Every structure is written in structure tokens, then in C-alpha cells.
Amino acid sequence: MAGSASTVVEHVRAPVLPGLGKMLVLAGKLDQKQAEAIVHGAGKARRSFIGELIDSGIISALDLAQTLSRAFAAPLVDLNAVDLQRLPDNLIDPSILQKHQILVLGKRGRRLVIATADPTNHEAAEKIKFITQLGVDWVVCEYDKLISLVRDQMASVATALGEMMDSSFDFDEDGLMADDEGAKDEKAQAEIDDAPVVRFLQKILIDAIRMGASDLHFEPYESTYRIRFRVDGELQEIVSPPVTIKEKLASRIKVISRLDISEKRVPQDGRMKLKIGPNHVIDFRVSTLPTLFGEKIVIRILDSSSAKMGIEALGYEPEEKARLMEAISRPYGMILVTGPTGSGKTVSLYTCLNLLNKPGVNISTAEDPSEINMPGINQVNVNDRAGLTFAVALRAFLRQDPDVIMVGEIRDLETADIAIKAAQTGHLVLSTLHTNDAPRTLTRLRNMGVAPFNIASSVILITAQRLARRLCPRCKEPADIPHHTLVDAGFDEADLDGSWTPFKPVGCSACNNGYKGRVGIYEVMPISEALQRIILADGSALEIAEQARAEGVRSMRTSGLHKVKAGVTSLAEILSVTNE
């Protein structure tokens, strides 16, 4: 019976057209059936709609590019005129470029200029925005030329990586023998030797060195894993690998840093080296920290060549440099360098040590840990658990006939007392303290319990410092800053005579949001007789600062404003790194 019979009706659904297909149908370049057939063929062959379209011969790559350029009012670019060697590097992970068949041509301010054959690819645009926190400006190009150029770029990246991963690119794994703790665990050893993880870590380190990063952060979360670089003082997310890689990556980093890979409950510190070329070795300081979802690892890049660039490269003004050079030429006394973590104190100290490092001078350092290796200097890593503290190391140094002593940090009264006694008995002592400026350093020593007489008779110079980002010389532009804003920042009316122009960051393919590299900002305060009298009278930091200004010592803000006048950095950057 018709009523009892079930009727089966087949609904043949037309393929869903992508945005590009719909646009081409509306433009009259394809009819509906042709577009559906291409979608079907692309799905069957597991390839992109645009690739299947060009191969079908219905429309040429040039015709398609011209059509898309008109439809989306996007510039049309001929990739034959693009030099692969001049394309910006490391802005986007190469795997994303290959997956979406796109090419980064440059950077303008907060926007990336990206070549594509399909400007309807919203997925690629959103992913790039999320990763880079930058906008996307599409330029349209021919599909066949784009595919060829992307392939060439990926090949060049692979070649460069391969060259750096051959015999001229080695981790220093001396001492990692079979009896090393942790190597007995077969499962852990398998993780360590996982070839993809090894290659991934090597590539990450290479990228960090190329970008001029100071630190790498490997951060595990519940369902994600991210890797960030600190470039010019700012953290940037570089890549978000699968969360399943976190254990293998942590094991690999820990074993080449000579850490216990079986211990995941407590923080650990280690070191590793990377040899790039026959004469260039870069040290890395590794720190692990147990978190809720795995071990966070921070790797600091320690390039010994940074301490050998010379004092001119640090950014001292001529009079500041003269004061520092006069102090380190003294036979005895204490020189203190102050500032927050990451302000370049260690590089400043080692630049001074490099100047003092001569055959007739005995130099010893105690650090936690030693960050820069320098031949000719006796370097000691303190080890609190073994009883080798700063104070113990200092006492040992004084029995080793020293001329110059460097203490990584004065943390307590015992270390301060021994360092001051060394400075009073014919030794030049260099050290660091964590204070905001030079005058507060003296009151910090007083608060530790050091007697005013000992401070006044031993400290000969204090340098407070910060690092500010340098403006990119290629893209910086004059800034229109109101007169009252310049005055509020600290400029005198005499400074605003119209003989100079402030600059602002713009951003290009050669820099990081308008900045490239960093420069030091310094407050160099010699301890004069007038300052010694204030110290002996137990004067405040405010009194010390007033006397220092009267003697011509620039504050860090004033020193930074000189960098603004010289066009080295921007006013916004100086206001952000100085607090007055």
C-alpha cells in the first residue's frame, strides 16, 4: 500500500562553495557547475580550491590575480621582482606560510604586508593577527609564482638550518656518559634522543640568536604550550607547538644542561653551550620551574662577545665615560653598578673587567652563576648548598693575592662588610646592588647595617642604569610633540631652541615595532668629598641626590632626554623606563 510504503528520497547536496568560488561566480569567471566541480575535485585530491582551479585551465593565474585585485581593491604585485634574500625573516613561523601559501613581504607600523593568491582566506588572516598581534594588508599575486617562491623560501630555510646543524653547530655535551644520573631511565633516554625534538630545539635556538633575543621562555599550560622570546626587552610569542611535546622538550633541554631529568619537583639551574662556526660559542643559562602543568624553562642567551664590544658601545655620554674610566683606573675602592634585573649590569661590569684584564693584573669573580666566560679571569660560581657563599668566596679571594675582585651581588651585611674591607685594603672591588638610582644605593648599604664611615671611605663611584630601545634608523620619523609635553618630561626651555627634532617609532621589516637594539641610560655618580660628608652625617637619599645634581651628575631621566635629543630613542620609551 502506498500509505504503508516508506519513500526514500535522496537529497543530492551541492558542494559548499568557498568565498573565492562565490566571488568568481558573481564576477562571471565561472558558472555554478564549474565551481562545484572544482570544489569536488579539490576535496577528492585533498588540495586547495585555487590550486585545482588553476590546474583546470578554466582561468589563468594572471587573469585570476587581476580579477581579485580589482574585486578587493588590493594591490597587484609581480613576484618575479621580489628578492628572496631581502624578505623579512622570523615574523611568522614558516610552517604557517607553507600551510596557507602566503608570503610576508614587509612590515609597516603595526601591519604586515602579505602576498596571497586568495585574499578571501580569512582563516590565515585571523591566525596571523592572533600570533603576531599585528594587522594584515593583503597584496594579490599570481598563484603559480607564489607557490614557486614559497617553495624556494622553505628550501632556503631548510638549507640554512641544515648548514647550522652540521658539524659547525654543536651542543657541548662533554661529560654526559652512561653513568650520568637520569640517563639510566630508558623512557627518558628515548625522549632525549627523539630526533624531531632535537631539530625543533636547535631551530628555536637559532631563531632566537638571529632575532637578537635575550631570553627564551618555554611555558606549559593545561591545553596549550607556548614559546616566547624577549627581544629588545619585550616578550613576543613565537610559536605554539603541540602540548604533547613539553615533556620531551624539557628532557632534552635538561640533559644538555646537565640537570637531573628525573627530578621535576624542584627548580634547577644549569648551563649549556652552542658552537656556531669554528670560533663562535654562545653560552646559555637554563632555569627550570615546576608549574601546575609541567616545567617552565627559561633560557638566557649569554654572548661573551657583548662584553668585548668596548665601552663606547654601551651608550655612555663622554663625561659619564670619563668618570667611569677614572674610577676603574684607581688602585683600590669600590665601584657599584645598580639597576633592576635585565638592565645590563653584568655586561657593564665585564666591559670594565675586560679593560682591566691584563697580564699583570690578578682578577677574581664570584657570581651566581657566572654568565660571561672571559679568559684571564678567575671565575667562581657560588653554591649555597655546598657552603660556597659570596662571603666564603670573598674570604678565599683575599688569600689569593688579588688586584681586582668582582662580586656578582651584595645581598647581605656579611658580604658587604668583607667587600668593603677588601676595598679599604688595597683592592679594587666591583659589585652590583638592586636599587632604583645611585643616591638610594648609599642608603641601601646603610639600611643593611654598614657603618657610614665604611661607606664613605670605600665607595668611589656608583652607576645606576637602565636599557632603552633604540629607534630603527631605517623607519623612524619626526614626532610632533607639544611644547608643554617636552617641558613636563624634563627638558629646559634652553633645550627647546628648535635645533633638534624628536623622533617616533614606525616599524618596518628590519625592526621590531619601530625599535632595533637597546642603548644604556646611566647615572654616574662619583663620591666626592661633599658627598662623603653627607654620608658621614647619615644624610638621606634626597640630600645626596641634591648634592650630586649640584656637582653635575645627570639623573637617568636627564641622561635619557639626551638620547631623545640625539635621535637615538623616543620620548615615550624614556618616560617608560625612567620614573621621576
Side-chain angles (χ1 to χ4, degrees), residues 233 314-317 319-320 323-324 327-328 333-349 352 368 390 406-420 423 429-468 489-490 520-563 574-580:
L314 298 182
Y316 282 95
E317 298 292 336
E319 56 270 37
E320 294 169 347
R323 290 170 185 158
L324 180 61
I328 65 174
M334 178 181 284
I335 297 172
L336 295 173
V337 180
T338 76
T341 301
S343 61
K345 298 189 299 296
T346 301
V347 171
S348 293
L349 284 175
C352 294
D368 184 21
F390 280 118
M406 195 270 272
V407 186
E409 183 184 350
I410 294 179
R411 299 175 178 171
D412 51 49
L413 178 59
E414 184 182 16
T415 304
D417 276 339
I418 300 170
I420 284 172
V429 179
L430 290 77
S431 189
T432 71
L433 270 176
H434 287 277
T435 57
N436 289 326
D437 57 28
R440 287 188 178 92
T441 305
L442 296 169
T443 55
R444 170 83 175 104
L445 288 172
R446 186 72 189 91
N447 291 337
M448 275 187 183
V450 181
F453 170 79
N454 285 331
I455 298 173
S457 62
S458 60
V459 180
I460 59 175
L461 180 132
I462 300 172
T463 296
Q465 67 181 71
R466 299 287 190 279
L467 289 178
I521 299 171
Y522 303 94
E523 179 184 20
V524 182
M525 187 178 78
I527 305 303
S528 63
E529 290 185 3
L531 286 173
Q532 287 177 337
R533 285 193 289 270
I534 295 174
I535 295 168
L536 289 171
D538 211 10
S540 67
L542 183 60
E543 291 173 304
I544 294 170
E546 288 177 352
Q547 178 60 35
R549 302 295 171 261
E551 294 176 3
V553 175
R554 291 195 187 114
S555 68
M556 271 185 291
R557 170 63 63 84
T558 305
S559 179
L561 295 179
H562 273 74
K563 298 291 191 295
I574 293 303
L575 295 178
S576 69
V577 299
T578 60
N579 182 24
E580 292 188 11

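The model shown is predicted, which means the values in this text are computed figures rather than measured ones.
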query: Do Val553 and Val524 come close enough that some side-chain heavy atom pair is under 4.5 Å?
result: no
message: Going by the rule salt bridge (charged side-chain N to carboxylate O under 4.0 Å, His left out), which residues pair with Glu543 if we only count those two or more places apart in sequence or in a different chain?
response: none
- request: State which residues pass side-chain contact (heavy atoms from CB on, under 4.5 Å) with Ser458; sequence neighbours excluded, sorted by chain then number.
  value: Ile420, Ala423, Gln424
message: Rounded at 0.5 Å granularity, tell me how far CD1 in Ile535 sits from CZ in Phe453.
response: 12.0 Å
- prompt: Between Leu461 and Arg323, what is the shortest heavy-atom contact and its length?
  reply: CD1-O, 3.6 Å
message: Any heavy-atom pair between the side chains of Leu349 and Cys352 that's under 4.5 Å?
response: no
message: With side chain to side chain contact (heavy atoms under 4.5 Å, CB included) as the test, pick out the partner of Ile544 among Ile462, Leu442, Thr441.
response: Leu442
field: Pro439 backbone acceptor or donor facing Arg444 side chain under 3.5 Å
entry: no
- prompt: Can you check side chain to side chain donor-acceptor pair (under 3.5 Å) on Ser431 and Glu409, steps first, answer last?
  reply: CA-CA 6 Å; Ser431 189; Glu409 183 184 350; over 6 Å; no
query: Side chains of Arg411 and Asp368: closer than 4.5 Å at any heavy-atom pair?
result: yes
- line: One should read off an interatomic distance between Ser348 OG and Leu467 CG, to the nearest 0.5 angstrom, of 8.0 Å
- prompt: Is it true that a side-chain atom of Gln465 and a backbone atom of Gly344 form a donor plus acceptor pair closer than 3.5 Å?
  reply: yes
message: To the nearest 0.5 Å, what is the distance between CZ on Arg466 and OG on Ser576?
response: 11.0 Å
- prompt: How about Glu523 and Thr463: does a side-chain donor come under 3.5 Å of a side-chain acceptor?
  reply: no
- prompt: Which heavy atom in Met525 sits nearest to a heavy atom in Ala548, and how many Å separate them?
  reply: SD-CB, 3.7 Å
- line: CE (Met448) and CD1 (Ile455) are apart, to the nearest 0.5 Å, by 10.0 Å
query: Which value, rounded to the nearest 0.5 Å, describes the distance between Ile521 atom CD1 and Ser555 atom OG?
result: 10.5 Å
message: Strictly below 4.0 Å, N to O, side chains only: are Glu317 and Lys563 in salt-bridge contact?
response: yes
query: Measuring from Leu336:CG to Ile410:CD1, what's the distance to the nearest 0.5 Å?
result: 5.5 Å
task: Could you pull out all residues at least two apart from Glu546 that satisfy salt bridge (charged side-chain N to carboxylate O under 4.0 Å, His left out)?
output: none
task: Search all heavy atoms of Leu575 against all heavy atoms of Ala489 and return the closest pair with its distance.
output: CD2-CB, 4.0 Å
Non-hydrogen atoms of Val450 and Asp417 that approach each other most closely: CG2-OD1, 4.5 Å
query: Looking only at atom types and distance, does a side-chain atom of Tyr522 sit under 3.5 Å from a main-chain N or O of Leu314, one as donor and one as acceptor?
result: yes
query: Quick one: does Glu414's side chain get under 4.5 Å of Ile418's, heavy atoms only?
result: yes
- request: Please tell me if the side chains of Ile335 and Val429 come closer than 4.5 Å, counting only heavy atoms from C-beta onward.
  value: no
- prompt: Is any side-chain heavy atom of Glu319 closer than 4.5 Å to a side-chain heavy atom of Arg554?
  reply: yes
message: Glu551: which residues meet the salt bridge (charged side-chain N to carboxylate O under 4.0 Å, His left out) condition with it, sequence neighbours left out?
response: none
Residues which pass salt bridge (charged side-chain N to carboxylate O under 4.0 Å, His left out) with Arg440, listed by chain and number, not counting sequence neighbours: Asp437
- request: Carefully, step by step, assess Ile460 and Ile527 under the rule side-chain contact (heavy atoms from CB on, under 4.5 Å).
  value: CA-CA 5 Å; Ile460 59 175; Ile527 305 303; 5.7 Å; no
query: Does Asn447 reach the main-chain N or O of Thr443 with its side chain, forming a donor-acceptor pair under 3.5 Å?
result: yes
field: Residue pair Tyr316 / Ser559, side-chain heavy-atom distance below 4.5 Å
entry: no
Closest non-hydrogen atom pair between Leu413 and Gly449, with its separation: CD1-C, 3.6 Å
field: Shortest non-hydrogen contact between Thr432 and Gly408, atoms and distance
entry: OG1-O, 2.5 Å
Validation row: Leu561, Thr578 side chains within 4.5 angstrom (heavy atoms): no
- prompt: Which pairs pass side-chain hydrogen bond (donor to acceptor under 3.5 Å, both in side chains) with one or both residues in residues 529-538, sequence neighbours excluded?
  reply: Arg446-Asp538
